[in-house]
Amino acid sequence: MSSQEPISEVSRYADRNTEFLSRVLAYGDTEARAYALALLSNGATAEDIDKIQAELDRIRRNLK
């Protein structure tokens, strides 16, 4: 197993679960948010982060 495989799996998860990660960041406790941020910092692309930011913006608008 190469050192790139775990990163690939993390990237794939981040790409496929942007809505879930957005909800964890919006509503999760401190530990859950830390895990989500660690996952994003180790595998998300700029596009994934943009999707998550858009979802967080949508959540914020719905809370008002």
Side-chain angles (χ1 to χ4, degrees):
M1 175 162 53
S2 76
S3 63
Q4 292 299 322
E5 288 180 42
I7 299 296
S8 175
E9 289 297 317
V10 171
S11 296
R12 190 177 2 251
Y13 183 87
D15 182 57
R16 292 180 179 170
N17 294 283
T18 55
E19 185 176 337
F20 171 73
L21 293 169
S22 300
R23 293 194 179 282
V24 170
L25 291 172
Y27 302 114
D29 64 14
T30 302
E31 184 176 3
R33 288 177 181 162
Y35 284 121
L37 289 171
L39 189 141
L40 292 171
S41 71
N42 286 299
T45 63
E47 184 177 288
D48 295 333
I49 293 170
D50 288 342
K51 289 179 195 174
I52 289 168
Q53 183 61 54
E55 181 65 19
L56 287 170
D57 291 342
R58 186 190 67 73
I59 289 169
R60 184 179 301 126
R61 282 192 305 272
N62 288 337
L63 291 176
K64 291 182 180 179

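- Here Tyr27 is tied into one hydrophobic group with Ile59, Leu63, each link being a pair of ILVMFWY side chains closer than 4.5 Å.
- Here salt bridge (Lys or Arg N to Asp or Glu O under 4.0 Å) pairs that include residues 26-45, with residues two or more places apart or in two chains, number zero.
- Across Gly43 and Ser11, no two heavy atoms sit closer than the pair O-OG, 2.9 Å.
- When all heavy atoms are compared, the tightest approach of Leu25 to Ala36 is CD2-CB, 3.9 Å.
- A distance of 14.5 Å separates OH of Tyr13 from CG of Asn42, quoted to the nearest 0.5 Å.
- Side-chain heavy atoms closer than 4.5 Å link hydrophobic residues (I, L, V, M, F, W, Y) into clusters, and following such links, even through other members, never connects Tyr35 to Leu39.
- In this structure, Thr45 and Asp15 have side chains that are not in contact, with every pair of non-hydrogen atoms separated by 4.5 Å or more.
- When the side chain to side chain donor-acceptor pair (under 3.5 Å) test is applied to Ser41, no partner is found at least two apart in sequence or on another chain.
- In terms of heavy-atom proximity, Ala14 sits nearest to Leu40 at CB-CD2, 4.5 Å.
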Using a 3.5 Å cut-off and no angle test, enumerate the donor-acceptor pairs between side-chain atoms of residues 49-57 and protein atoms at least two apart in sequence or in another chain.
| residue | atom | partner | partner atom | Å |
| --- | --- | --- | --- | --- |
| Gln53 | NE2 | Asp57 | OD1 | 2.8 |
| Glu55 | OE1 | Arg58 | NE | 3.3 |
| Glu55 | OE2 | Arg58 | NE | 3.3 |
| Glu55 | OE2 | Arg58 | NH2 | 2.5 |
| Asp57 | OD1 | Arg60 | NH1 | 3.2 |

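- Scanning both residues, Asp48 and Ala44, for their nearest heavy atoms gives OD2-CA, 3.6 Å.
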